[in-house]
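Working notes, beginning with the structure itself.
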There are 2 protein chains.
Amino acid sequence: MSHTLGIRQAQKQKTRQSLLDAALGLLEEQSLSSLGLREVTREVGVAPTAFYRHFRSTADLGVALVEEALGSLHPMIRTIVSSAGDSDQRIERAVELIARHVETHPAHVRFIARERHGGVQSVREAIQDQLARFAEEVKVALTKDPVSAGWNDDDLLMLANLYVDQMLMTASLFLDALEAPQEERQRVAQVATRQMRLISIGREHWLD
Amino acid sequence: MSHTLGIRQAQKQKTRQSLLDAALGLLEEQSLSSLGLREVTREVGVAPTAFYRHFRSTADLGVALVEEALGSLHPMIRTIVSSAGDSDQRIERAVELIARHVETHPAHVRFIARERHGGVQSVREAIQDQLARFAEEVKVALTKDPVSAGWNDDDLLMLANLYVDQMLMTASLFLDALEAPQEERQRVAQVATRQMRLISIGREHWLD
DNA sequence: AATTCCAGAGAACAGTTGTTAACTGCATGG
DNA sequence: CCATGCAGTTAACAACTGTTCTCTGGAATT
């Protein structure tokens, strides 16, 4: 039932996406709280006032960027948690997937890492909301795992949050190593793998 | 051999400290990359040009803030790692110390969490440097622990980094819960404690 | 075919920014 | 006691900011 957009609404969405893309580019070397609306429109090549047709403010644009960035991350989470194989295999695959995601969406990852604790409240909140959803999703997956037999709900969520935070930390490290030689990126992957492995070991002996 | 400062240099340092304090205050609701030098001097009640007598730019001021913020954290790290008692006792004490530090230095903690992945490269690098020092220090302490017998150097550093990151995550959560009712802060403390406990369990079974 | 709607343009606004230069007054060292 | 140094001031600059109001061209609706 997808209604074909009129060429009018299509053009509007195109401009909107251009604004988002331009902003994401500019945010590679600054924070959202210093991003000016004129800066963005100049980059796109439209009048400053056109900005208001799409966003109330740059903070508003930031919230839209959160949706875009973490929306693209959502399927990755699903892939990781529904992965088959033993613990070590799943960890290696997860780290590999994170590395790939950073390579294909570096600006998104940078944006989330930067604005998670950034200076714009509404954006911080939007990110926390999405991450809470991720944690919830991870928790559900953990619940189904036989290793989690006997675990209570709070501890499952505690572990899920640990995994989510660890994923973000790893993504941020891969980002820093993006331009570095491959051996450095390999080292990051190895450290990340072992950290997750250590957490998994802790998980297996939690009820001892 | 501390030479008493002339009243001239003393006054200068006083102004410098005022600039740092004012900046730290302003940074509670924005990022360093949007902090203007005039904003800071206005807050202190001094002419904009006076800023240049102390800092080349706001980025430069940011680096100075890193020293101040992480300098105050250094002794805390020492206290934690040199703490006595069994694993659980040490963890509870560590979480307690982190909570206290966030209560007494909230602006410092916020600054580090915000600018660790922030928009100003020189500040990011300064923070990474200091955190690497912390990790090194933790690693040395871990090496002395009998539990670490048989561990290789890379894995010790891997674990040290995990502890440091976990410490920062915990501090950030305490910060978010600063204004919240005590039961919420208690909950944060409990989650943090269990996460560190899980990591410690993983550590104990690492060589299995 | 006539009318409405609306994304984007254009111009102007008051206020802000970083940086420069030349200055002042007072603590300092000879 | 006098000359120097230097923290902080004053004034001015060109460039930039977000926001308002008015306008326009063409798609959408009738």
Side-chain angles (χ1 to χ4, degrees), chain A residues 1-23 25-27 29-65 115 118-123, chain B residues 1-27 29-65 118-123:
Chain A
M1 280 256 77
S2 76
H3 181 258
T4 306
L5 263 41
I7 77 177
R8 176 136 198 184
Q9 302 235 355
Q11 184 50 247
K12 181 174 182 179
Q13 292 218 3
K14 208 169 170 181
T15 305
R16 187 188 134 101
Q17 191 57 49
S18 298
L19 289 169
L20 288 170
D21 293 347
L26 291 165
L27 285 172
E29 27 198 79
Q30 64 182 309
S31 316
L32 184 63
S33 79
S34 66
L35 182 70
L37 115 202
R38 292 184 100 108
E39 219 178 332
V40 180
T41 56
R42 191 186 314 132
E43 192 82 358
V44 174
V46 301
T49 48
F51 186 92
Y52 292 107
R53 298 285 177 194
H54 304 275
F55 307 103
R56 247 189 273 272
S57 62
T58 51
D60 194 24
L61 177 146
V63 172
L65 275 179
E115 301 303 331
V120 182
Q121 192 183 25
S122 57
V123 170
Chain B
M1 280 268 82
S2 75
H3 181 255
T4 306
L5 262 41
I7 77 177
R8 178 136 200 183
Q9 302 235 357
Q11 185 50 249
K12 181 173 183 181
Q13 291 217 5
K14 208 170 173 181
T15 305
R16 186 188 135 103
Q17 191 58 46
S18 298
L19 290 169
L20 289 170
D21 293 346
L24 204 55
L26 291 164
L27 285 172
E29 27 199 80
Q30 63 181 309
S31 316
L32 184 62
S33 78
S34 65
L35 183 69
L37 115 205
R38 292 183 100 110
E39 221 177 328
V40 180
T41 56
R42 190 186 314 131
E43 192 83 358
V44 174
V46 83
T49 47
F51 186 92
Y52 292 109
R53 299 284 177 196
H54 304 276
F55 307 103
R56 246 187 273 272
S57 63
T58 51
D60 194 24
L61 177 146
V63 172
L65 275 179
V120 182
Q121 192 183 25
S122 57
V123 170

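Throughout, a chain's letter reflects where its sequence line sits, starting with A, and its residues are numbered from 1.
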- Task: For the pair A:Ser31 (side chain) and B:Ser33 (backbone), establish whether a donor and an acceptor sit closer than 3.5 Å, ignoring hydrogens and angles.
- Result: no

Which whole-number value in Å describes the distance from [X] [atom1] to [N] [atom2]?
X	N	atom1	atom2	result
A:Leu61	D:dG18	CG	P	12 Å
A:Lys12	C:dA9	NZ	P	14 Å
A:Lys14	C:dG8	NZ	P	11 Å
B:Arg38	D:dT9	CZ	P	13 Å
A:Gln9	D:dT29	CD	C1'	13 Å
B:Leu37	D:dA15	CG	P	19 Å
B:Gln13	D:dA7	CD	P	11 Å
A:His54	C:dC6	NE2	P	14 Å

- Apply side-chain contact (heavy atoms from CB on, under 4.5 Å) to the pair A:Phe51 and A:Val46, showing each step before the final yes or no. CA-CA 8 Å; A:Phe51 186 92; A:Val46 301; over 6 Å; no

- Task: Could you check whether B:Tyr52 gets within reach of a base, just the sugar-phosphate, or nothing at all, counting any heavy atom under 4.0 Å?
- Result: base

- Query: Reckon B:Ala50 touches a base, only the sugar-phosphate, or nothing at all at heavy-atom distances under 4.0 Å?
  - Reply: base

[N], OP1 or OP2 - any side-chain N/O from [X] closer than 4.0 Å?
X	N	value
A:Arg42	D:dA15	no
A:Thr15	C:dG8	yes
B:Ser57	C:dG18	no

- Message: If you assign each of A:Arg53 and A:Arg56 to its closest nucleotide in DNA chain D, which residue comes earlier from the 5' end?
- Response: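 Result of the comparison: A:Arg56.
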
- Using side chain to side chain donor-acceptor pair (under 3.5 Å) as the criterion, list what pairs up with A:Asp60, not counting sequence neighbours.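 None.
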
- Looking only at heavy atoms, what is the nearest atom pair of A:Leu19 and A:Leu61, with distance? O-CD1, 4.2 Å

- Message: If you compare all heavy atoms of B:Val123 against all heavy atoms of B:Ala59, which two are closest, and at what distance to 0.1 Å?
- Response: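 What the structure gives for the nearest pair is CG2-O, 3.7 Å.
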
- Would you say the base of D:dT10 and the side-chain of B:Thr49 have a donor-acceptor pair closer than 3.5 Å? yes

- Given DNA chain C, 5'-ward residue of the pair B:Ile7 and B:Gly36, judged by closest heavy atom: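 Nearer the 5' end of the strand: B:Gly36.
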
- For the side chain of B:Arg8, starting at C-beta, report the closest nucleotide among D:dT19, C:dA27, C:dA9. C:dA27

- Query: Side chain of B:Val46: nearest nucleotide among D:dG18, D:dT17, D:dT9?
  - Reply: D:dT9

